[in-house]
Amino acid sequence: MSDKDPSLRRNAPRLALHVPEPPFRPGDTPDFSGLKIPAAGSTSRPDTTAPAAETHPLATQLVRVLGDDHKAVSPWDPKLDADTLRKMLRDMVTVRIFDDRMYRSQRQGKTSFYMKCTGEEAIAIPAQAALDRDDMHFPTYRQQGLLIARGYPLVEMMNQIYSNKGDKLKGRQLPIMYSDKAHGFFSISGNLGTQFPQAVGWAMGAAIKGDSRIAMGWVGDGATAEGDFHSALTFAAVYNVPVVLAVVNNQWAISSFSGIAGGERATFAQRAVGYGIASLRVDGNDALAVYAATKWASERARANNGPTLIEFFTYRAEGHSTSDDPSGYRPTNEAKLWPLGDPIERLKVHLIALGEWDDERHAAMTAECDTAVRAAQKESEKLGILPEQGKDGIETMFDDVYADVPWHLAEQREQALGEANS
Amino acid sequence: MSDKDPSLRRNAPRLALHVPEPPFRPGDTPDFSGLKIPAAGSTSRPDTTAPAAETHPLATQLVRVLGDDHKAVSPWDPKLDADTLRKMLRDMVTVRIFDDRMYRSQRQGKTSFYMKCTGEEAIAIPAQAALDRDDMHFPTYRQQGLLIARGYPLVEMMNQIYSNKGDKLKGRQLPIMYSDKAHGFFSISGNLGTQFPQAVGWAMGAAIKGDSRIAMGWVGDGATAEGDFHSALTFAAVYNVPVVLAVVNNQWAISSFSGIAGGERATFAQRAVGYGIASLRVDGNDALAVYAATKWASERARANNGPTLIEFFTYRAEGHSTSDDPSGYRPTNEAKLWPLGDPIERLKVHLIALGEWDDERHAAMTAECDTAVRAAQKESEKLGILPEQGKDGIETMFDDVYADVPWHLAEQREQALGEANS
Amino acid sequence: MPTMNMIQALNDAHKVTMRADDDIVVFGEDIGFFGGVFRVTEGLQKEFGHTRVFDAPISEGGIVAVAVGMAAYGVKPLVEIQFADYIYPGYDQIVSEVAKMRYRTGGEWTMPMVIRTPYGGGIFGGQTHSQSPESLFTHIAGLKVVIPSTPYDAKGLLISAIEDPDPVIFFEPKRIYNGPFDGHHDRPVKPWSKHPASEVPEGHYIVPLGKAAVVREGEALTVLAYGTMVHVALAAVEEQGLDAEVIDLRTLVPLDIETIERSVEKTGRCLIAMEAPRTSGFASELAAQVQERCFYHLEAPVERVTGWDTPYPHAYEWAYFPGPKRMKKALEKVMAD
Amino acid sequence: MPTMNMIQALNDAHKVTMRADDDIVVFGEDIGFFGGVFRVTEGLQKEFGHTRVFDAPISEGGIVAVAVGMAAYGVKPLVEIQFADYIYPGYDQIVSEVAKMRYRTGGEWTMPMVIRTPYGGGIFGGQTHSQSPESLFTHIAGLKVVIPSTPYDAKGLLISAIEDPDPVIFFEPKRIYNGPFDGHHDRPVKPWSKHPASEVPEGHYIVPLGKAAVVREGEALTVLAYGTMVHVALAAVEEQGLDAEVIDLRTLVPLDIETIERSVEKTGRCLIAMEAPRTSGFASELAAQVQERCFYHLEAPVERVTGWDTPYPHAYEWAYFPGPKRMKKALEKVMAD
Ligand SMILES: Cc1ncc(C[n+]2csc(CCOP(=O)(O)OP(=O)(O)O)c2C)c(N)n1
Ligand SMILES: Cc1ncc(C[n+]2csc(CCOP(=O)(O)OP(=O)(O)O)c2C)c(N)n1
Ligand SMILES: [Mg+2]
Ligand SMILES: [Mg+2]
């Protein structure tokens, strides 16, 4: 009863704090045999107009299309034509080559920082393929694939990475923090999570104006812990916003595994259940599944049937960034042992299984992509690399703080120019 | 496919923003016949050691114990003895009288502000009765019942409300922002939601230290939209924290109905599902159900079986505060028509049905409570009412900013005293 | 010309701009059907409909975040934070996103929006309904910070803010919503109707951002103030019989430094008044600038009259508020040296 | 005596205090197994176990909020915010809860805790890895704000902060984690081992909060600085051959005003150096106070050397950072007048 004497629970167990630990640490041999991976095709596909609750069983399953036999076997099969598949494959190969070249550039001291998306190429590219050209993305730094899928010039990306004279962001942003309105790619923020509710706001604007363009927001597994994640789901649910909200669960957030973001107790897709939002959990290394799920959610949004949260389940195959060495916190061979495979390889083998591709064509295409990336790099480096920057155009530092330069910034500009010329 | 021409969706419907509207506005006659209220006893009671998922069906039901015949009919029946029930009833009556007196005091200009919990008396009091004396609450301003249930002196509460010489908070806090460590009542914050993850932090401390005391956090339906709500659930889930998290869904947040917090799409109890946290939804006007659910959650927490989110479903029968007039945004008779009834009446009738109470005893007890409240008020007012405060003790304004008064505050104290004496 | 209090003037600024520009969208806690806890948005939902005027979840972070998205889309958010004391959950989105967007994108994405919020003490609101956090926004490059002190200015400045291409944090001194409070809390409340600046033209007009107002001319010293403190300062210099020049800053960023310099060069003395806590408040910035720019004209140190470096204590409203006595002491000091 | 860089010194402060006090709990993003992105918490989880040293979700608001609850419970949180640029999601809990708790409860609940965070530029970190937001915390009554500039001070101040009964925001100048950077980015990096303050005693010692250090004595002018700027200032006055007194503030709040006053009264000239944006930065507070208190000793306006009022632009690291050239100009100015 009330005011019970605490001594009554003299025998209560001592409370204990559970601190999640990843299954494997450096020195361990990763064993993923315990991981339940539903067979491709085992997941049903609700109608895009279905009540959100009908999708909720999918939050603990895994939408997969590419089967072990490399055939598409699923009600989710998007039945894409071979040209589309080849375009996706090519974009994915381009991203991987691009990542490798730019990583190397950073190592050569040509810029300060770089981030790869290795192992996650099947996420941004098919997702973008499923959206329309003028839908708006609110990406994180690991969705470079969106730009490549939309044909943003590689040289523009590199100019940004080098902060060089061609950089439309005027040398102001850390490498890879791209922005391009014309390609429907919102400015990447260094502040995790901020873009997720912004995507909802953009789509609210579209809904207010009776537009037909939708928004897609992106966030990592780790960043789902930010308050902004909750803002996004709350506003999306309240106003039934035409937005697709994607969590890229690559199982790591720098050195923290997804358990530190709550992944031990529920999937990230399940978060949606509590808001009454539709929810899908998808094999993020399966380009067809990613396409199909994004397509489903975009159709749902576009028909005013509401938002969808999609978890793309994948694995961050390399370090967090050029500042990170993952061998300090996880086994070095974990990436290779990751059972959902290499997304590029899976799509390639599927195309081969369809009779629409072969190793020679793949090698030729890869060589073409490599050439294109190298050519772009050459062109971009003509416009300069980071160590050469920051001397010219000092007056531009004071532009764009406001629409006009107020007196105090004009004064500071004078000072800065004086310094530069002294 | 990729880069689809937007003109292809020329016939797509115009997007639309859904803006939730409460079912009834001033002038309407509320009709709650559409509200699904499960019969008492219709909800099963999982074991307190059950996996969280087993509780999730309860997130869309309603734990009720008091049946239409005023008998306790439920696996949730806590089987409390009559003394405990009478103590709860008495505390509930005291709270209501206290609220009325203090509301009146504010109207008489004796203080600046007051907030009632009318219609919600069956929440804090039975919840407290279910916890141990030394568990810690992180309350909102509508859990005054916790203090009364724990026997905190009414005169202390009033001293705080009047910011008078007896006010242990030294006149620094808005009325009703109580704090009392000895009574396990954490300082109420004016900033909504902040206390919810703090409760989790307290319980983490207890778990780190191997204590057996647990924490209970409280938040309103409206304030669940704050990022702090997400912090609370995330940290509680990650570290399996021994905490009970309560959402008091009284369906209003000042003038906004619960749909503006997402209540149209999911229950507040359902939020827990997405984190893998146990979840209960409870008739908040049913003292026995509130007791039983809190007890269940506290046992679960104390045995290291993890956190529980409980939604107490109730109705804010009066204005938000003395600054609010709800007739501007909802029908004036809505409270009376609210089908879950008056919690005091329901408990009283139950006791009568048990043969443990009658109208005479109730009238006598009410009179006693009234006398006690009036006596406390008299005593407190001897120590002053707000309009008389703020002149004496000006030097104390500078205490407790830090443990010691640094030189700059000492200087400011001199100035303030100089002013006061000029 | 209609006579308005500050609430009506602000309401009117909403109507005038919203009628002219379909892209303006208004949201915030309790601002829809109910019209806001201070009634500034009264009648807007009725006139402009649910999709342009609506209640928001209690999530200041979310409110600012979706405003960012909306501005990116191309509508113009005009949002209310119910009390300035509750703006902090939105601080990250304001500081990291709203303020920096134009810069970090080289001008590609801009954030025209207005975040309105009532601030300041004098209403027995206790620690969480009395704060003056404006200084925290003046440190953030990319934001404009505006504070009106009369109904006329409130409407004209709010229209300017709404029409401005940059994000504006618009602080409303809630103590003077209904009347020009001069700090004498023991005297009867004066309504706006007796004040000339309650004459508010109908329709569109602006008070430009970045321009201070010399609200009283004088030769003996310069008083810099904004919001409620303008009225407190005016009353204080009258009561002291000082030939003071009183400047209402109206915009804190960008600051009207010319008007300030001209005045201090003339008077040689300067007092700055604000309600916010003293340390690192905007008064410090003003003092720093005045002594930098007018050093050789100064006959006495620049003085600051401020709130104390404590939270705002409920019962000690008038011991905290920088009222007539604090003004008097400071005026004496700045004139004595 | 062991030679340590600043990271090792901070790590050692953790170990020394955690061995003595079981109640200290350390958490933050990536600080557990991995030991933090700057390695300040390396080895702590191994020595003190998972329940005292653990990774936190990426939720700065949640980190501070649970720290509040833990402090209320009675353990002592010592948390890391990975970069100061990411502290804003925790700003509400810091400002509204941590800072005000002792006050609003009349001393019943206190918030002894330390929030450590690396700040400042000079590492090509771009807009979101270079900020200096310390000024935003100095405006909040109830917080102490501490910034070390050497390994010796880092350990001694951190131990003081941990043992302090009040909440401390502990800013770590990341540019000098590994060596005392004097602003000459084009010269070879100096390691700490060549600097006398890299001699860090083993075990427990403190550098008291609220006490500045006169790191160079002089008669011609006073330079006030903290963090990285201490080293930039020292180098600049040497290069100019000025007989400058350089004061390392070490604690911003509460400020060691006596040391400052004594110095400026002696020298009659004052320059203040900080990396943060100029407007409403802590340098303004210092300038306001110095001119208030030392007006009749001043021979020239108090000068401020600061970052610009823009976000921190990646490629323009050295045009933004207040380095030797900016120092030189300002020194000339303050000496010329
Ligand atoms: C608000 C904020 N806090 C912390 C950081 C530092 N940080 C950058 S990336 C990162 C990990 C993010 O992990 P996740 O969200 O899973 O994305 P991933 O890198 O795996 O794609 C952290 C902690 C940040 N950028 N912003
Ligand atoms: C951070 C913050 N935002 C806004 C407010 C203003 N406010 C005070 S109470 C309230 C409504 C809260 O509603 P709810 O959480 O449902 O609790 P209830 O009042 O119904 O008990 C609002 C918006 C506040 N106190 N704090
Ligand atoms: Mg990740
Ligand atoms: Mg409510």
Side-chain angles (χ1 to χ4, degrees), chain A residues 136 138 167-174 177 179-182 186-191 193-211 213 215 217 226-228 230-232 234-239 241 243 396-397 399-404 406-409 411, chain C residues 22-23 25 27 49-52 54-77 89-90 92-93 95-97 99-110 112 141-144 164-167 209-210 251 253-258 289:
Chain A
M136 183 62 68
F138 286 75
D167 175 16
K168 59 177 284 208
L169 305 186
K170 306 181 187 173
R172 295 187 188 140
Q173 278 277 52
L174 198 67
M177 300 285 176
S179 169
D180 197 71
K181 201 181 239 181
F186 189 70
S187 159
I188 295 173
S189 178
N191 299 73
T194 48
Q195 72 288 348
F196 216 50
Q198 291 167 2
V200 175
W202 194 96
M204 286 174 74
I208 288 165
K209 286 307 205 180
D211 199 336
R213 294 174 296 162
E226 291 285 2
D228 277 328
H230 180 56
S231 296
T234 301
F235 281 71
V238 168
Y239 305 108
V241 177
V243 66
T396 68
M397 271 178 67
D399 296 338
D400 304 321
V401 181
Y402 301 95
D404 299 314
W407 68 267
H408 65 287
L409 284 172
E411 265 190 21
Chain C
D22 275 355
D23 287 340
V25 175
F27 57 104
H50 278 69
T51 50
R52 288 186 64 197
F54 50 86
D55 288 336
I58 303 175
S59 168
E60 294 76 13
I63 288 170
V64 179
V66 301
V68 170
M70 286 184 195
Y73 175 81
V75 296
K76 184 155 219 179
D92 182 44
Q93 285 278 347
V95 169
S96 305
E97 302 293 305
K100 298 185 173 60
M101 196 62 70
R102 182 190 287 273
Y103 194 75
R104 82 178 195 217
T105 65
E108 182 175 60
W109 302 88
T110 63
L143 301 178
K144 293 181 177 172
D164 199 85
D166 292 312
L209 304 191
T251 302
V253 180
L255 187 65
D256 182 355
I257 193 70
E258 270 179 47
Q289 289 206 34

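Scope of the values below: all heavy atoms of this structure, side chains included, with no hydrogens, waters or symmetry mates.
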Look only at the side chain of [X] and the backbone of [Y], and say whether a donor-acceptor pair between them is shorter than 3.5 Å.
| X | Y | result |
| --- | --- | --- |
| C:Gln93 | A:Thr194 | yes |
| A:Tyr402 | C:Pro167 | no |
| C:Tyr103 | A:Met397 | yes |

### Query
Residues in salt bridge (Lys or Arg N to Asp or Glu O under 4.0 Å) with A:Asp400, at least two apart?
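Checked A:Asp400 against salt bridge (Lys or Arg N to Asp or Glu O under 4.0 Å); matches are A:Lys170, A:Arg172.
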### Non-neighbouring partners of A:Lys168 that pass salt bridge (Lys or Arg N to Asp or Glu O under 4.0 Å), sequence neighbours left out
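Testing A:Lys168 for salt bridge (Lys or Arg N to Asp or Glu O under 4.0 Å), a comparison that skips the adjacent residues, returns A:Asp180, C:Glu108.
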Part of [X] lying under 4.5 Å from any heavy atom of chain A:
| X | answer |
| --- | --- |
| C:Leu143 | backbone |
| C:Lys100 | neither |
| C:Val64 | neither |
| C:Pro57 | both |
| C:Glu258 | neither |

Within this structure, what is the [atom1]-[atom2] distance for the pair [X] and [Y], rounded to the nearest 0.5 Å?
| X | Y | atom1 | atom2 | result |
| --- | --- | --- | --- | --- |
| A:Asp404 | C:Asp164 | CG | CG | 8.5 Å |
| A:Gln198 | C:Met101 | CD | CE | 5.0 Å |
| A:Asp228 | C:Glu97 | CG | CD | 8.0 Å |
| A:Glu226 | C:Asp92 | CD | CG | 7.5 Å |
| C:Phe27 | A:Met204 | CZ | CE | 6.0 Å |

### Message
For A:Ile208 and C:Phe54: C-alpha separation, side-chain torsions, deciding distance, then whether side chain to side chain contact (heavy atoms under 4.5 Å, CB included) applies.
### Response
CA-CA 11 Å; A:Ile208 288 165; C:Phe54 50 86; 4.2 Å; yes
Relative to chain C, which of [options] shows the most heavy atom pairs under 4.5 Å?
| options | result |
| --- | --- |
| A:Gly205, A:Ala215, A:Pro406, A:Gly217 | A:Gly205 |
| A:Val241, A:Asp167, A:Ile188 | A:Ile188 |
| A:Phe196, A:Phe138, A:Tyr239 | A:Tyr239 |

So for [X], is it side chain, backbone, both, or neither that comes closer than 4.5 Å to the heavy atoms of chain C?
| X | result |
| --- | --- |
| A:Thr234 | side chain |
| A:Ala199 | neither |
| A:Val401 | both |

### Task
Could you tell me which non-hydrogen atom of C:Trp109 sits nearest to which non-hydrogen atom of A:Ser179, and how far apart they are?
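So the two residues come closest at NE1-OG, 2.9 Å.
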### Query
Shortest non-hydrogen contact from C:Ala56 to A:Phe235?
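Residues C:Ala56 and A:Phe235, closest heavy atoms: CB-CE2, 4.4 Å.
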Residue among [options] with most heavy-atom pairs under 4.5 Å to chain A:
| options | result |
| --- | --- |
| C:Ala99, C:Gly107, C:Pro165, C:Pro77 | C:Gly107 |
| C:Val75, C:Thr105, C:Thr110, C:Ile257 | C:Ile257 |
| C:Val68, C:Val25, C:Thr51 | C:Val68 |

### Stepwise side chain to side chain contact (heavy atoms under 4.5 Å, CB included) test for A:Met136 and C:Tyr73
CA-CA 9 Å; A:Met136 183 62 68; C:Tyr73 175 81; over 6 Å; no
### Message
I'd like to know if A:Lys209 pairs up with C:Asp23 as an ion pair, taking the criterion as any Lys NZ or Arg NE/NH1/NH2 lying under 4.0 Å from an Asp or Glu carboxylate oxygen.
### Response
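Yes, this pair counts.
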### Query
Side chains of A:Met177 and C:Arg104: closer than 4.5 Å at any heavy-atom pair?
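The answer is no, as the side chains (C-beta and beyond) never meet within the 4.5 Å cut-off.
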